[in-house]
Amino acid sequence: MAGKITADALRLASEIAQEDITTDYLNTEIERYIVSKGGIPVFKGYRGFPKSICTSINEEVVHGIPGSRRLKNGDILSVDVGVSYRKYVADAAVTIPIGKITNDAQRLVDVCENSLQRAISVIKSGEKLSRISKTIQDYVEMNDYTVVRNYTGHGIGRCMHEDPQVPNFVSKALLEADEILVQGMTIAIEPMICMGKYDTEVLNNKWTVVTKDRKLSAHFEHTVVVTDDGADILTV
């Protein structure tokens, strides 16, 4: 149920996110929806985060704080939502085009979403976790984009962030401590990709992560549970 509320909240975000509305308005409407369904927006208050959702625009990668900024035609807006319902947590994100976006921006958004779907398609019990990371990295880099290094997907269940980490790239450390996926394991997979270099920095508000070169970034995420022969997506 946490996954369904999260998915429906993101559908609501896609419906109402348009030119000239503020990201604070989005936050208010989505928080109201989550609470009306008996859910708890888990981002609010998490390590001091002040709002119920994250809204990251254009060069902002993740953890953007909703506020008075108004969306403009041509923006791409990443909305990240986490919901707790009866002590279980789900987490998901989408990147939404605002009005008419450039072909380059649309391609970035499409590649990011496709990388997530490809990663989910390789999951099954007995598979290595690094297969997820490799699938995302290979597809993104094949399309001449980069994957963010400093932020990863994660295990999820009764808490929003649990082990293991689910990187979007393969490293020596990942291979040395590789996990084997088992039936019932629940993870949040979230490719964050960049049009330019993958280096990021955090703004003075201590939350919003942006690309150092200020080129566009996109973010998609699903919470999935591993099964014997695949994965069930909980946030659809």
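All heavy atoms count here, side chains included; hydrogens, waters and symmetry mates do not.
Around the OH atom of Tyr198, the shell of radius 6.0 Å holds no more than 12 heavy atoms that belong to other residues, nucleotides or ligands. Sparse packing is recorded around CD of Gln165, with 12 or fewer heavy atoms of other residues, nucleotides or ligands lying under 6.0 Å away. In Lys134, the NZ atom is not crowded: 12 or fewer heavy atoms of neighbouring residues, nucleotides or ligands sit closer than 6.0 Å.
A donor-acceptor pair is defined here as one N or O able to donate and one able to accept, closer than 3.5 Å; such a pair exists between the side chain of Asn168 and the backbone of Glu190. With hydrogens and angles ignored, the 3.5 Å screen pairs a side-chain donor or acceptor of Asn58 with a backbone N or O of Ile76. Gln137 places a side-chain N or O within 3.5 Å of a backbone atom of Val170 that can act as its donor or acceptor partner. Looking at Arg107, its side chain does come within 3.5 Å of a backbone N or O of Asn143 through a donor-acceptor pair. Put simply, the side chain of Arg70 never gets that close to the backbone of Ser68: no donor and acceptor are under 3.5 Å apart. With Thr235 contributing its side chain and Thr223 its backbone, the two residues share a donor-acceptor pair below 3.5 Å. With Asp75 contributing its side chain and Ile98 its backbone, the two residues share no donor-acceptor pair below 3.5 Å. Between the Asn27 side chain and the Thr23 main chain, no donor and acceptor come within less than 3.5 Å of each other.
Counting heavy atoms from C-beta on, the side chains of Cys112 and Thr95 never come closer than 4.5 Å. Residues Ile57 and Leu71 have side chains in contact (heavy-atom distance under 4.5 Å, counting atoms from C-beta outward). Between Ile123 and Glu127, every side-chain heavy-atom pair lies at or beyond the 4.5 Å cut-off. Under the 4.5 Å side-chain criterion, counting only non-hydrogen atoms from C-beta, Val140 is not in contact with Thr146. A heavy-atom distance below 4.5 Å is found between the side chains of Ile34 and Val81. The shortest side-chain heavy-atom distance between Asn73 and Lys100 falls under the 4.5 Å cut-off. With a 4.5 Å cut-off on side-chain heavy atoms, Ile53 and Pro66 count as touching. Between Val226 and Val182, every side-chain heavy-atom pair lies at or beyond the 4.5 Å cut-off.
Here the options are Lys215, Arg214, Arg69, the test is salt bridge (Lys or Arg N to Asp or Glu O under 4.0 Å), and the partner is Glu60; only Arg69 passes. When His161, Glu162, Met160 are each tested for a side-chain contact (heavy atoms from CB on, under 4.5 Å) with Val89, only one passes: Met160.
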*Are Thr186 and Tyr88 close enough, and set up right, to give a side chain to side chain contact (heavy atoms under 4.5 Å, CB included), and what steps lead you there?*
CA-CA 11 Å; Thr186 307; Tyr88 286 96; over 6 Å; no
*asked:* Evaluate Asp232 against Thr227 for side-chain hydrogen bond (donor to acceptor under 3.5 Å, both in side chains), listing each step before the verdict.
replied: CA-CA 7 Å; Asp232 290 337; Thr227 67; 5.1 Å; no
*Could you check Asp8 against Arg11 for salt bridge (Lys or Arg N to Asp or Glu O under 4.0 Å), going step by step and ending with a plain yes or no?*
CA-CA 5 Å; Asp8 288 344; Arg11 275 190 278 275; 2.5 Å; yes
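Each of Leu203 and Met192 belongs to its own hydrophobic cluster when Ile, Leu, Val, Met, Phe, Trp and Tyr are linked at side-chain heavy-atom distances under 4.5 angstrom. Placement of Met1 and Ile233 within a single hydrophobic cluster is found when ILVMFWY residues are connected by side-chain heavy-atom separations under 4.5 Å, directly or transitively. Under the 4.5 Å side-chain contact rule for hydrophobic residues, Val224 and Tyr85 share a cluster.
Not counting sequence neighbours, the partners of Tyr151 by the ring-ring contact (aromatic ring centres under 6.0 Å, His included) test are His63.
Note that CD1 of Ile65 is 9.5 Å distant from OG of Ser56, once rounded to the nearest 0.5 Å. Atoms CD1 and CZ, from Ile120 and Arg118 in turn, are 13.0 Å apart once rounded to the nearest 0.5 Å.
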